[in-house]
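Notes for the one structure printed next.
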Number of protein chains: 2
Amino acid sequence: MATITELEGVVLGIVRSLQPCTAYAVRRQLQASPSSHWSGSAGSIYPLLGRLEEAGLVEALSDASDGRRRRLMTLTRKGTAALRGWILEAGQPEVAANVSDALRTRAFFLDALTAEERRRFVESALEAAEAFHAMTVEYGRSRAEDGAIGRLAALGGEYAAEARVRWLQELLASLDDEDA
Amino acid sequence: MATITELEGVVLGIVRSLQPCTAYAVRRQLQASPSSHWSGSAGSIYPLLGRLEEAGLVEALSDASDGRRRRLMTLTRKGTAALRGWILEAGQPEVAANVSDALRTRAFFLDALTAEERRRFVESALEAAEAFHAMTVEYGRSRAEDGAIGRLAALGGEYAAEARVRWLQELLASLDDEDA
DNA sequence: ATCCCCATGTAAATTGTTACATGATTCG
DNA sequence: CGAATCATGTAACAATTTACATGGGGAT
């Protein structure tokens, strides 16, 4: 069972939760996520689903009953197994280490700025982080409708967003100390 | 000033903090990060620094005084400006939304698993998340030597890792409730 | 009618990964 | 003297982004 990529895992998971569904519905779901890590562009999703189909992980059923041509996707048994395998990789150190945060990344280079710019950075980053946190909360609410697991999964994003706000507040406070 | 990519920003920042330094030193710095988001492979860094050089953001000084041929990189004034511009993008919503976490991503699809598998997922994920948290703490200690800003930046990663552990502990507890 | 959403795709360009290739130095 | 580390690169491949191209349905 050739290992699948992150995006492939996500797409399998979305297809399973919506099946039978169109590629377009998968894209919308991706775009609804507060994280912009994947664009959910047509150029990524259609070729990707084509690969999954060729590999026998999803099956498509063409339908044009209402004039609109569609391809309705479903996971095959093999696809379900691949999805489960991918989820259960979670114990591997590489998976736990696969994190990123563009805001935090920038903070590592703060000494390239003047004290004034630094303050501007932290203030605007804090604002953006708070707005993002609000988005994760909103997203959690929408996910809660899909059951307990959806809510719990979204909670992880809320906690992370919350932690980032707290961190930036402390950064701001320590800049104040510096000035004093 | 054409906007630069995330990895380009990071590389500019690292070069600035170590300059004059080799591409190899930049790679090591990237690889020392607890996050595996970028591999810091030769295949990414050498071409990237080539592009930055061509764009006039970094300058290279060839040196082979001790027999080992090296190219010592320095930021140009233009490179410093680009770095500052990149850092100060932090207020934009897209930057704050540019986050990812492979562990959390998988949790969204937990209902594809049986109750038993779910428990296995959370237990192994928690273990991996704790190990990762320990790595961030260790990393923070090493960064602290480079001054207050380095320590504060690393703290963001620690908080995020901490929040993830907390979240998984709650997930585990809610699975227990479910079983009972 | 016109605009927005549904729906499917392709093409070019960029970016990054793995693997390969080479060679000098340093440490045990 | 052999292994690890320093050091620089390239080649083939994979994956994704942006932009383009097309068309039907439903609402105002």
Return the [atom1] to [atom2] distance between [X] and [Y], rounded to the nearest 0.5 Å.
{"X": "A:L12", "Y": "A:R16", "atom1": "CG", "atom2": "CZ", "value": "11.0 Å"}
{"X": "B:L126", "Y": "B:Q169", "atom1": "CG", "atom2": "CD", "value": "5.5 Å"}
{"X": "A:L152", "Y": "B:L171", "atom1": "CG", "atom2": "CG", "value": "5.0 Å"}

d([atom1], [X]; [atom2], [N]) in whole Å:
{"X": "A:D63", "N": "C:dC6", "atom1": "CG", "atom2": "P", "answer": "17 Å"}
{"X": "B:L52", "N": "C:dT14", "atom1": "CG", "atom2": "P", "answer": "15 Å"}
{"X": "A:L18", "N": "C:dC6", "atom1": "CG", "atom2": "C1'", "answer": "15 Å"}

| query | Along nucleotides 2-17 of chain D, 5' to 3', which nucleotides get a B, which get an S, and which get a -, given that the test is a protein heavy-atom distance under 4.0 Å? | reply | ---BBBBBB----SSB
| message | For A:Y159, does the six-membered ring have the charged nitrogen or CZ of B:R166 within the cation-pi criterion, i.e. under 6.0 angstrom from the centroid and within 45° of the normal? | response | yes
| note | For B:I45 and B:V26 the tightest heavy-atom approach is CG2-CG1, 4.4 Å
